[in-house]
2 protein chains.
Amino acid sequence: MTDIKSGPNPLFLREEDLRQGIELLFYAYRDFTAEPDAILARIGLGRAHHRVVYFVGRYPSITVTELLSILQITKQSLSRVLSDLVEQEYIAQRPGTKDRRQRLLTLTDKGVELERSLSDAQRARIAQAYRAAGAAAVEGFRTVMLGIIDAEDRAKFPPPGKR
Amino acid sequence: MTDIKSGPNPLFLREEDLRQGIELLFYAYRDFTAEPDAILARIGLGRAHHRVVYFVGRYPSITVTELLSILQITKQSLSRVLSDLVEQEYIAQRPGTKDRRQRLLTLTDKGVELERSLSDAQRARIAQAYRAAGAAAVEGFRTVMLGIIDAEDRAKFPPPGKR
DNA sequence: GAAATAAGTCAACATGACTGACATAAAATC
DNA sequence: GATTTTATGTCAGTCATGTTGACTTATTTC
């Protein structure tokens with residue numbers, strides 16, 4: 001609250017600026033999920049299935065415990081969607097070699113195809129937004145989003161130089 | 001695929017950059033909603049109530065139809081949460097003066113207080129992220145988020161000069 | 001050998017979304 | 001003035017996704 005500059009100065013944050021931030025997140029997330037949701041509905045699956053397929057694709061051989069810590073839902077909630085996906089052969093399970101209690105999860109070919117079709121709409125949306133905004137804006141976006149995310153998970157997003 | 005530069009160049013969008021964008025949205029929204037959800041749970045309300053209280057606070061005297069078009073849910077879904085909020089006197093309804101079919105929605109004092117307590121956590125999170133990121137990053141964030149949001153709703157976010 | 005961990009299961013429940021059908025009052029149009 | 005459209009509300013049923021609590025099994029760690 002000491003140095004007030006002209007233009008949008010985040011050191012002088014008005015009520016209105018913060019409201020706008022809240023709304024940007026609401027509308028962006030709403031529109032970001034609408035397309036995959038529509039595809040999922042056609043094949044009798046839901047957003048929860050998408051999330052599981054997404055993160056299993058992202059981290060092949062992920063364990064159930066790791067997946068739970070990402071999704072932050074209960075084991076019982078995950079169980080339902082995961083067993084759907086295993087039954088319908090989108091996801092394969094195999095025991096861990098070091099720890100045989102673990103069930104390592106991977107996408108089947110069918111799962112890879114599903115993940116792709118679901119995330120394609122999202123990738124296209126991001127790509128278009130990034131292209132329209134330019135490199136500098138993308139870096140700003142990344143920085144602010146990281147600030148919104150709890151510190152524990154920021155390490156999942158290595159800085160540009162390290163990518 | 002033609003010009004490869006160093007650093008994050010959104011004209012050369014790698015699979016990995018797009019994935020990161022998807023994940024930034026997932027984690028940010030997850031953490032952004034966690035705190036108000038916890039508060040709501042204590043008073044027996046849910047996220048849907050928060051959204052209604054938020055947008056009635058944002059647009060005093062909003063009509064039901066307008067609210068539906070923002071939330072993009074069905075009338076029946078809104079009806080339940082809205083009647084909870086009216087019964088518990090967080091929201092007041094009064095007929096429109098020009099069109100007496102309309103029920104104009106406003107927050108009661110109790111509703112204003114609820115809205116504030118719910119959104120305070122979110123405002124604090126945004127404020128902290130904005131401060132840490134700096135003015136330029138905030139503008140980049142705004143630009144990318146607008147690109148993600150469907151064009152129809154972008155007019156809700158006037159450019160900095162007009163704010 | 002005992003304790004902790006990874007995973008799964010059963011049961012019951014809450015929330016928030018949906019569809020479809022129908023009702024009422026008021027406004028707009030023919 | 002009669003008809004149609006619009007704004008809102010409601011009843012009934014369903015589904016997806018989350019929750020808690022209690023318990024089991026297999027395996028690893030101490």
Side-chain angles (χ1 to χ4, degrees), chain A residues 26 29-30 33-34 36-56 61-88 91-106 118, chain B residues 26 29-30 33-34 36-56 61-88 91-105:
Chain A
F26 169 76
Y29 200 76
R30 186 196 68 176
T33 51
D37 281 358
I39 298 170
L40 287 157
R42 278 178 237 141
I43 56 171
L45 298 177
R47 194 181 292 186
H49 298 93
H50 183 191
R51 288 201 276 254
V52 171
V53 164
Y54 178 85
F55 283 107
V56 172
S61 300
I62 191 173
T63 66
V64 171
T65 304
E66 285 163 351
L67 195 48
L68 286 174
S69 93
I70 290 174
L71 300 176
Q72 291 188 4
I73 57 174
T74 59
K75 192 173 44 166
Q76 296 89 327
S77 297
L78 175 58
S79 165
R80 217 174 349 189
V81 289
L82 187 53
S83 47
D84 287 347
L85 292 168
V86 170
E87 269 165 34
Q88 294 173 43
I91 286 180
Q93 294 173 314
R94 67 189 152 75
T97 44
K98 282 176 66 178
D99 185 338
R100 287 173 6 241
R101 289 171 307 182
Q102 296 175 336
R103 304 290 175 89
L104 307 184
L105 306 174
T106 50
L118 289 175
Chain B
F26 168 76
Y29 200 76
R30 185 195 69 175
T33 51
D37 281 358
I39 297 169
L40 287 156
R42 277 177 237 139
I43 57 171
L45 298 177
R47 193 181 292 185
H49 297 92
H50 184 191
R51 288 200 276 254
V52 171
V53 164
Y54 179 84
F55 282 107
V56 172
S61 300
I62 191 173
T63 67
V64 171
T65 304
E66 285 162 350
L67 195 47
L68 285 174
S69 92
I70 289 175
L71 299 176
Q72 291 186 4
I73 57 174
T74 59
K75 191 173 46 163
Q76 296 89 328
S77 297
L78 175 58
S79 164
R80 214 172 355 177
V81 289
L82 187 53
S83 48
D84 287 345
L85 292 168
V86 170
E87 269 165 33
Q88 294 174 42
I91 287 180
Q93 293 173 314
R94 67 190 153 73
T97 45
K98 281 177 65 178
D99 185 338
R100 285 171 8 241
R101 290 171 304 180
Q102 297 176 334
R103 304 289 174 90
L104 308 184
L105 306 173

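Throughout, a chain's letter reflects where its sequence line sits, starting with A, and its residues are numbered from 1. Below, each value reflects all heavy atoms present in this structure, side chains not excepted, and no hydrogens, waters or symmetry copies.
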Under-4.0 Å side-chain N/O to phosphate OP1/OP2 contact, [X] with [N]:
X	N	answer
A:S77	D:dT19	yes
B:T74	C:dC18	yes
A:H49	D:dA16	no
B:R47	C:dA14	no

Can you tell me how far [atom2] of [N] sits from [atom1] of [X], to the nearest Å?
X	N	atom1	atom2	result
A:D37	C:dG16	CG	C1'	13 Å
B:L78	C:dG16	CG	C1'	12 Å
B:R103	C:dA27	CZ	P	13 Å
A:L67	D:dT17	CG	C1'	15 Å
A:L68	D:dG18	CG	C1'	13 Å
B:I73	C:dT19	CD1	P	12 Å
A:Q72	D:dT19	CD	C1'	15 Å
A:L105	C:dA6	CG	P	14 Å

Any idea which of C:dG16, C:dC18, D:dT8 is nearest the B:Q102 side chain?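 Looking only at heavy atoms from C-beta outward on B:Q102, the closest nucleotide is D:dT8.
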Counting side-chain heavy atoms from CB outward, which of D:dG9, C:dA7, C:dG16 is closest to B:R51?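 Between D:dG9, C:dA7, C:dG16, the one nearest the side chain of B:R51 would be C:dG16.
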Measure all distances between protein nitrogen or oxygen atoms and nitrogen or oxygen atoms of nucleotides 24-27 of chain D, and list the pairs falling under 3.5 Å.
| unit_1 | atom_1 | unit_2 | atom_2 | d |
| --- | --- | --- | --- | --- |
| D:dT27 | O2 | A:R101 | NH1 | 3.1 |

Got a second to check how far [X]'s [atom1] is from [Y]'s [atom2], nearest 0.5 Å?
X	Y	atom1	atom2	value
A:T106	A:I91	OG1	CD1	8.0 Å
B:L82	B:S77	CG	OG	12.0 Å
B:F26	A:Y29	CZ	OH	6.5 Å

For the salt bridge (charged side-chain N to carboxylate O under 4.0 Å, His left out) test, which of A:R47, A:R30, A:R42 pairs with A:D37?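 Only match with A:D37 under salt bridge (charged side-chain N to carboxylate O under 4.0 Å, His left out): A:R47.
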With hydrogens left out and only the distance checked, is there a donor-acceptor pair under 3.5 Å joining B:Q76's side chain and the base of D:dG13? no
Regarding C:dG16, can its base be found pairing with the side chain of B:R80 as donor and acceptor, where the two atoms are less than 3.5 Å apart?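 Looking at the base of C:dG16, it does pair with a donor or acceptor on the side chain of B:R80 (distance under 3.5 Å).
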Donor-acceptor contact present, side-chain A:S79 to main-chain A:K75, <3.5 Å: no
Would the distance check show the side chain of B:E66 and the main-chain N or O of B:T63 forming a donor-acceptor pair, the cut-off being under 3.5 Å? yes
Taking all heavy atoms of A:I73 and all of A:L68, pick out the closest pair and write down the distance.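 So the minimum-distance heavy-atom pair works out to O-CD2, 3.6 Å.
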What's the shortest heavy-atom distance between A:R100 and A:P95, and which atoms? O-CB, 4.1 Å
Need one value for B:Q93: base, sugar-phosphate or nothing, where a base atom within 4.0 Å counts as base even if backbone is also close, heavy atoms only.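 The answer is sugar-phosphate, as B:Q93 gets under 4.0 Å only of primed atoms, P, OP1 or OP2.
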May I ask you to say what B:T63 touches in the nucleic acid, namely base, sugar-phosphate or nothing, with a heavy-atom cut-off under 4.0 Å?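 Sugar-phosphate contact only.
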